[in-house]
Amino acid sequence: LRLFVLDQHYETVYSGYPLDDDLTGPLEMGVAEFQLGASAAEEARRWYTVLLDRVLTGHALNSLPSEYERVKNLPAHEFGQQVADAVADLIQVPLNPAEAVFLALPVAGMHTPHDERRLARFPASEEISDLVQLILDEISAEMDVRIPPTAMLKEFVHHLTFMVNRLRYRVRAPDRAAGDLRTAYPVAFRMATIASRLIERELDLKMTEDELGFIASYFQVFLEERRSSSTPAYRVAVVTPVGRVSARLVQLQLAKIMAESTQYTLLSLDEAFTETLDTFDLVVTTTLEPLTTSSAVIRLAEVFDRDELLGHINRLRFDRQANIPLGAGSRSLLASLLDRERFITLDPGLEYRQNLDVMIDRLIFLGLVDEEFRARLVEREQRATMALDPQIAFPHATLSGGSTRVILAIGVIPRAAGDEGLRMIVLMGVPEKADYDDTILVDVYDEIIRLAADRNGLNRISRLTSYEQFFLY
């Protein structure tokens, strides 16, 4: 009954509940000693108010279900016990030990404190540290994306500690719109879904949408932190034969596609010395004169369109593993990185594995992969399914040693709108982890998951018959 009131009717029942300074003293002392933040203190006050009301009206707790016994082993129980002892002395009413457990719950399930000083009072358990490692290993196995150790990862361990307490003891902490995060951050949400599955399996708990949203938020922070740490300010040289205005026009077109943090330098041809160009990440030029530089080069005509420019950029991102940061809304990576030979119309009468073999056979014929790549795909499929959705699959595996390019192929399986079954296979081969930046893999994941969410669009794509149609879609 208390949990139901706290979740659904607290404001209605207790908005005018009288709590004078004497009555709040025990709580305030506990909050100060345990260094609780403002939100945790306010939540503890709600629970404290309910306890006082129930005790003073003759409805004190005599016991709690057996699963609450383990709360006594949590650091938060010290807070509950201290406050319960103090309030019992104040109101001259002996309290059952269950009341100390009750007061511990909002602290055991609070949002993770931001600073180390407060976290030190509530250390993470070894059980949760092991669980986090299991989650990261599973994400790596299923998605081939690795999350390196960071300070944020340490906070995530603490977050899961508090989250598990909320799930075990039915303490709600609504704060995230999971549906919005699913749309805004599809890769992070997929990682959160993997984590959720493991938490339910390993701890026999049922995840909620609110908690799924919290976890997705952490994974999005991990992805953004890694992207920013691996992507310092990107420097682009724009080289034109004559006239600063021509270079400025090229810069304006680049700015529509590339990240806002990109830095541009405009150079005339007579300023384009090798030692100068080598200091840039990318050189974009409209001159036919050869440029000698170790930097990546994009050569454009005087007049070009956005799609042509983006096609050049995306090919560099994959062919040379150039980590070129793009802005939001840029054209499809998938469309820009294909050619006619790697867009394949598949047979709807074949099983997924058979159609995948057709795609691998095509890549072997083109000299892009070998039979070892097929074996690695089979091994990955045995560890974890690469079907992101009943209608789209993303099989990917490491290429043979020495490969420096990412290989991409797309197969479409024509089906009518109402038919069930797979509609698209995106096949990808990646170099060894040490040889490429897997933020590229994250970008491809992001596009595929967004595509899977567009059922009508996926139906239309499945019935395309040529690379040109796919590119223009």
Side-chain angles (χ1 to χ4, degrees), residues 1-113 117-125 127-128 158 161-174 205:
L1 178 61
R2 292 187 186 190
L3 294 179
F4 177 72
V5 170
L6 283 162
D7 286 347
Q8 305 293 332
H9 301 291
Y10 179 84
E11 294 302 324
T12 301
V13 177
Y14 293 109
S15 59
Y17 192 84
L19 277 181
D20 58 31
D21 292 343
D22 289 341
L23 282 176
T24 58
L27 176 66
E28 291 170 357
M29 290 175 59
V31 165
E33 180 169 337
F34 284 80
Q35 303 172 331
L36 300 186
S39 62
E42 179 57 33
E43 187 65 10
R45 181 185 178 90
R46 294 171 73 245
W47 290 63
Y48 181 75
T49 300
V50 172
L51 177 144
L52 276 176
D53 176 61
R54 300 300 289 172
V55 169
L56 294 174
T57 57
H59 299 91
L61 290 175
N62 293 317
S63 63
L64 283 171
S66 58
E67 60 263 29
Y68 286 88
E69 278 297 311
R70 60 197 304 174
V71 174
K72 295 178 181 178
N73 299 322
L74 300 177
H77 186 259
E78 296 177 34
F79 168 85
Q81 190 66 64
Q82 177 178 312
V83 176
D85 289 345
V87 76
D89 290 342
L90 180 67
I91 63 177
Q92 295 297 298
V93 175
L95 298 181
N96 188 281
E99 298 290 6
V101 172
F102 178 78
L103 286 174
L105 293 178
V107 178
M110 65 183 172
H111 290 302
T112 309
R117 180 172 50 87
R118 288 172 177 162
L119 275 179
R121 296 300 299 261
F122 306 98
S125 68
E127 172 194 39
I128 301 301
H158 282 279
T161 298
F162 292 115
M163 185 206 73
V164 166
N165 289 337
R166 290 194 293 269
L167 295 174
R168 275 178 174 157
Y169 309 121
R170 299 190 289 280
V171 178
R172 289 195 63 216
L205 296 171

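Excluded from the calculations below are hydrogen atoms, water molecules and symmetry mates; all remaining heavy atoms, backbone and side chain alike, are included.
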How about CG on D20, more than 12 heavy atoms from neighbouring residues, nucleotides or ligands closer than 6.0 Å, or not?
yes
Between NE2 of H9 and CD of E11, what distance do you get to the nearest 0.5 Å?
12.5 Å
Donor-acceptor pair, distance only, cut-off 3.5 Å: does the side chain of Q92 make one with the backbone of D89?
yes
Measure the CZ-CE distance between R168 and M163 for me, rounded to the nearest 0.5 Å.
9.5 Å
Do the non-hydrogen side-chain atoms of P75 and F34 ever get within less than 4.5 Å of each other?
no
Residues two or more places apart in sequence or in another chain: which of them pass side-chain hydrogen bond (donor to acceptor under 3.5 Å, both in side chains) with E43?
R46, W47
Under 3.5 Å, which donor-acceptor pairs do the side chains of residues 51-62 form with other protein atoms, sequence neighbours left out?
from	atom 1	to	atom 2	distance (Å)
D53	OD2	Y14	OH	2.7
T57	OG1	D53	O	2.6
T57	OG1	R54	O	3.4
T57	OG1	H59	ND1	3.3
H59	ND1	T57	O	3.0

As an exercise, state the distance from CG of L23 to OH of Y17, rounded to the nearest 0.5 Å.
7.5 Å
Minimum heavy-atom separation for V83 and G30, please, with both atom names.
CG2-CA, 4.2 Å
Heavy atoms of A84 and L103 approach each other most closely as N-CD1, 3.8 Å
Do R70 and E67 sit within salt-bridge range, that is, some charged N less than 4.0 Å from a carboxylate O?
no
Value rounded to 0.5 Å, distance of OG1 in T24 from CG in L19:
6.5 Å
When rounded to the nearest 0.5 Å, the distance separating NE2 of H77 from CG of L105 is 9.5 Å
Here the pair of heavy atoms bringing P123 nearest to A120 is CD-O, 3.8 Å
Say you draw a straight line from CG of L119 to NE2 of H158; how long is it, rounded to the nearest 0.5 Å?
4.5 Å
State, to 0.1 Å, how close V31 and A41 come at their nearest heavy-atom pair, and which atoms those are.
CG1-CB, 3.8 Å
Which pair of non-hydrogen atoms, one from A98 and one from L64, has the smallest distance, and what is that distance?
O-CD1, 3.6 Å
Aromatic ring pairing Y68/Y169, orientation class (parallel under 30°, perpendicular over 60°, tilted between)
tilted
Non-hydrogen atoms of T161 and A124 that approach each other most closely:
OG1-CB, 3.4 Å
Could you please spell out the steps behind the side-chain contact (heavy atoms from CB on, under 4.5 Å) verdict for V171 and N165?
CA-CA 8 Å; V171 178; N165 289 337; over 6 Å; no
Test of ring centre spacing under 6.0 Å for F162 and H111:
no
Does the side chain of F79 reach to within under 4.5 Å of the side chain of R121, using non-hydrogen atoms?
no
